[in-house]
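To keep things clear, I will list the structure first and then write my remarks on it.
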Amino acid sequence: MEKLSDQQIIEYLGKLDGWEFVDGAIETSFEFANFKEAFATMTRIAFECEAQGHHPDWSNVYKNLHIRLNTHDAGGVTEKDFKLAHTIEGIIEGE
């Protein structure tokens, strides 16, 4: 998978709400009603990550979830990251 240029990343971000390009990765945060909802959503995301063979750097504190995506093998952001970001958005919007 080929690393995207900064310009390509900016263009791809135009198709995602709430995601930013920060220090070589795309990232976003979500707030849920409570810990149970946050963790349940993380579980659904985890199954999709495994299916795509791509795993986020993420953290969860109570009802907040922060997700950071880049492709370590490529040394930056790739189309693989945007595919997973769109999948995550679909899961969140299905809530």
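Note that these values count all heavy atoms, side chains included, but never hydrogens, waters or copies made by symmetry. Just so it is clear, the model here is predicted, and its values are computed rather than measured.
Taking each heavy atom of Trp58 and Ala46 in turn, the nearest pair found is CH2-N, 4.1 Å. Nearest heavy-atom pair, Asn60 versus Ala38, reported as atom, atom and distance to 0.1 Å: ND2-CB, 3.7 Å. Here the closest non-hydrogen pair linking Leu84 and Pro56 is CD2-CD, 4.5 Å. Smallest separation of non-hydrogen atoms from Tyr62 and Ala33: OH-O, 4.5 Å. Listed here is the closest heavy atom pair of Met1 and Ala74: O-CB, 3.5 Å.
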When you look at Ile26 and Glu20, which way does the side chain to side chain contact (heavy atoms under 4.5 Å, CB included) test go after all the steps? CA-CA 5 Å; Ile26 57 172; Glu20 297 178 298; over 6 Å; no
Side chain to side chain contact (heavy atoms under 4.5 Å, CB included) between Leu69 and Phe82, intermediate numbers included: CA-CA 8 Å; Leu69 303 174; Phe82 281 99; over 6 Å; no
Between side-chain atoms of residues 8-15 and protein atoms elsewhere (two or more places apart, or another chain), which donor-acceptor pairs fall under 3.5 Å?
from	atom 1	to	atom 2	distance (Å)
Gln8	OE1	Ser5	N	2.7
Gln8	OE1	Ser5	OG	3.3
Glu11	OE2	Gln7	NE2	3.4
Tyr12	OH	Glu79	OE2	2.9

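Ser29 and His66 share a side-chain donor-acceptor pair at under 3.5 Å. Between the side chains of Thr87 and Gln52, at least one donor N or O lies within less than 3.5 Å of an accepting N or O.
A heavy-atom distance below 4.5 Å is not found between the side chains of Ile88 and Glu48. At least one side-chain heavy atom of Glu89 sits under 4.5 Å from a side-chain heavy atom of Leu16. Inter-residue side-chain proximity for Lys3 and Val77 is flagged as unmet; no heavy-atom pair is nearer than 4.5 Å. Using a 4.5 Å heavy-atom threshold, the side chains of Asn70 and Thr78 count as separate. With contacts defined as side-chain heavy-atom distances shorter than 4.5 Å, the pair His72/Asp57 qualifies. With contacts defined as side-chain heavy-atom distances shorter than 4.5 Å, the pair Thr41/Phe32 qualifies.
Atoms CG and CZ, from Asn64 and Phe35 in turn, are 11.5 Å apart once rounded to the nearest 0.5 Å. Atom-to-atom distance recorded for Ile92:CD1 and Leu65:CG is 6.5 Å, nearest 0.5 angstrom.
Atom CG of Asn34 has more than 12 heavy atoms from other residues, nucleotides or ligands within 6.0 Å.
The stretch residues 58-73 participates, sequence neighbours left out, in these salt bridge (Lys or Arg N to Asp or Glu O under 4.0 Å) pairs: Glu27-Arg68, Glu31-Lys63.
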